[in-house]
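Let me begin by presenting the structure, written as structure tokens, before commenting on it.
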Number of protein chains: 2
Amino acid sequence: MEPLTDADAELWAAWVAASEALAQVSTDVAEATGLSEPDVTVLMCLQQADGARLRQSDLATTTGWHRSRLSHHLKRMAERGLVNRTEVPGGVEVRLTTMGRAAAARARPVHADAVRRHLVAPLPSRDRERLVTILRRLTAPGS
Amino acid sequence: MEPLTDADAELWAAWVAASEALAQVSTDVAEATGLSEPDVTVLMCLQQADGARLRQSDLATTTGWHRSRLSHHLKRMAERGLVNRTEVPGGVEVRLTTMGRAAAARARPVHADAVRRHLVAPLPSRDRERLVTILRRLTAPGS
DNA sequence: GGCTCGGTGTTGTCGTGTCAACGAATGCGA
DNA sequence: TCGCATTCGTTGACACGACAACACCGAGCC
């Protein structure tokens, strides 16, 4: 319960600053495609799914979202014509519309480019390797 | 405009996962104190300010927030009794209430503890040094 | 005085996210 | 058959943040 050491405070500050810098990835994608970060998450999950369709509960699992969040968001995406939902026995099936598929196709290269610009390019290759290793320690079981 | 290499995709995935893990810092603080992350930001800025009071525009500068966001948030914080606002020539002055000061005092050790638990403790000291260096490259001028 | 201008805050609207409450379908044991 | 829990999804209320539109005020200038 003591205050952070200077070194730890600097580490935290650096983390916060870097997080804000990397938030630019989502901003770039949004500007170029009109899709929010959650939009992209949903579109990518659906496109990678077998048959490009998923039960809503499976989508909740793969995104890690709560059911209510997913319900709200899919409703909005459906209103914008990106997905459609049909009742099936024991749940709801979500599918990409043609517009949704097109939006996903547009988003992918923009996203890749933004990641390269904001995360990959600023770091020498040695740092990138080290960073992966370190980041994984932050999410390791005994975190 | 080509897709990410496997290594770059892994780096991005590791970053996203770690970000979600470190979001737990705010969650911990919120659970323990009832304060959101923006609440804490405001409280800390005010407490460190000379005389524990700031012009609203100065607060906008130090937090990096838009004026409208700050206005909305201060209104809510004022309703909860954490700050009060008084008009002064050429602007509005924000001050901590007694409750606000107490909340800030409660939040500080909780925050420090959360940072230690989620960011500092999982990493050996060598990694912490490297991480600071790498993160700073992500926010360097030519980012 | 009357003028524009830049700076300061507020407000409304919309998209988003969380939480708790609810409703419908399913299964299962008494 | 009757309950009862589980799973699934929706809904409403609220907090939060971005954006644009607006009002206000003091400074400078005609």
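What you see below is based on every heavy atom in this structure, not just the backbone, and it leaves out hydrogens, waters and symmetry mates. All chains are named by letter (A, B, ...) in the order of the sequence lines, taking the proteins before the strands, and each is independently numbered beginning at 1. Keep in mind that what you see is a predicted model, and the values were worked out from it rather than measured.
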Problem - Distance below 4.0 Å between H73(B) side-chain N/O and dG17(D) OP1 or OP2 - result: yes
Practice task
Report the residue (G90(A) or D39(A)) whose heavy-atom-nearest nucleotide on DNA chain C is the more 5′ of the two.
Solution key: D39(A)
Problem - Single-linkage hydrophobic cluster M44(A)~V94(A), side-chain heavy atoms < 4.5 angstrom - result: yes
Problem - L70(A) CG to dC19(C) P, straight-line distance once rounded to whole Å - result: 16 Å
Handout entry: Spacing of D58(B) atom CG relative to dT8(C) atom P, expressed in whole Å
Key = 8 Å
Practice task
Answer yes or no: side-chain N or O of S68(B) and base N or O of dC19(D) forming a donor-acceptor pair under 3.5 Å.
Solution key: yes
Exercise for the section: For dT10(C), take OP1 and OP2 only and decide whether either is under 4.0 Å from a side-chain N or O of R85(B). Expected result: yes
Exercise for the section: For S36(A), report the nucleic acid contact type (base, sugar-phosphate, nothing); a contact means any heavy atom under 4.0 Å. Expected result: sugar-phosphate
Practice task
Would you indicate what P89(A) reaches in the nucleic acid, counting non-hydrogen atoms under 4.0 angstrom: base, sugar-phosphate, or nothing?
Solution key: nothing
Practice task
Provide, to the nearest angstrom, the distance between the CG atom belonging to L54(A) and the C1' atom belonging to dC8(D).
Solution key: 15 Å
Problem - Gap between atom CG of L59(B) and atom CZ of R67(B) - 0.5 Å precision - result: 13.5 Å
Handout entry: Distance test, side-chain N/O of R67(B) to OP1/OP2 of dT10(C), below 4.0 Å
Key = no
Exercise for the section: Could you check how far CG of L59(A) sits from C1' of dC8(D), rounded to whole Å? Expected result: 14 Å
Fill in the blank from the handout: With the side chain defined as heavy atoms from C-beta on, H72(B) is closest, among dT11(C), dC19(C), dC16(D), to dT11(C)
Problem - Criterion side chain to side chain contact (heavy atoms under 4.5 Å, CB included) against W15(B), the qualifying member of V115(A), V25(A), L22(A) - result: L22(A)
Practice task
Using atom CG of L74(B) as one end and atom C1' of dG9(C) as the other, report the distance to the nearest whole Å.
Solution key: 11 Å
Handout entry: Shared hydrophobic cluster, L54(A) / V88(A) (ILVMFWY, side-chain heavy atoms < 4.5 Å)
Key = no
Handout entry: Joint cluster assignment, V132(A) & V132(B), ILVMFWY side-chain distance < 4.5 Å
Key = yes
Exercise for the section: Look at the side chain of S71(A) and decide which nucleotide, out of dT10(D), dG9(C), dT10(C), has an atom nearest to it. Expected result: dT10(D)
Handout entry: Nearest-Å distance for atom pair CD/P, residues E37(B) and dT18(C)
Key = 14 Å
Fill in the blank from the handout: Picking from dT11(D), dG17(C), dC16(D), the nucleotide nearest the side-chain atoms of R76(B) would be dC16(D)
Exercise for the section: Round to a whole Å and report the spacing from CH2 of W65(A) to C1' of dT18(C). Expected result: 14 Å
Practice task
Measure from the side chain of H66(B), starting at C-beta and using heavy atoms only, and say which of dG9(D), dG15(C), dC19(D) lies closest.
Solution key: dC19(D)
Exercise for the section: Would you indicate which nucleotide in dT10(C), dT8(C), dC19(C) comes nearest to any side-chain atom of R55(B)? Expected result: dT8(C)
Problem - Whole-Å distance separating the CZ atom of R69(B) from the C1' atom of dT10(C) - result: 17 Å
Problem - Nearest-nucleotide comparison on DNA chain D, the residue closer to the 5′ end among P38(B) and S57(A) - result: S57(A)
Handout entry: R128(B) (side chain) donor-acceptor with V120(B) (main chain) under 3.5 angstrom
Key = yes
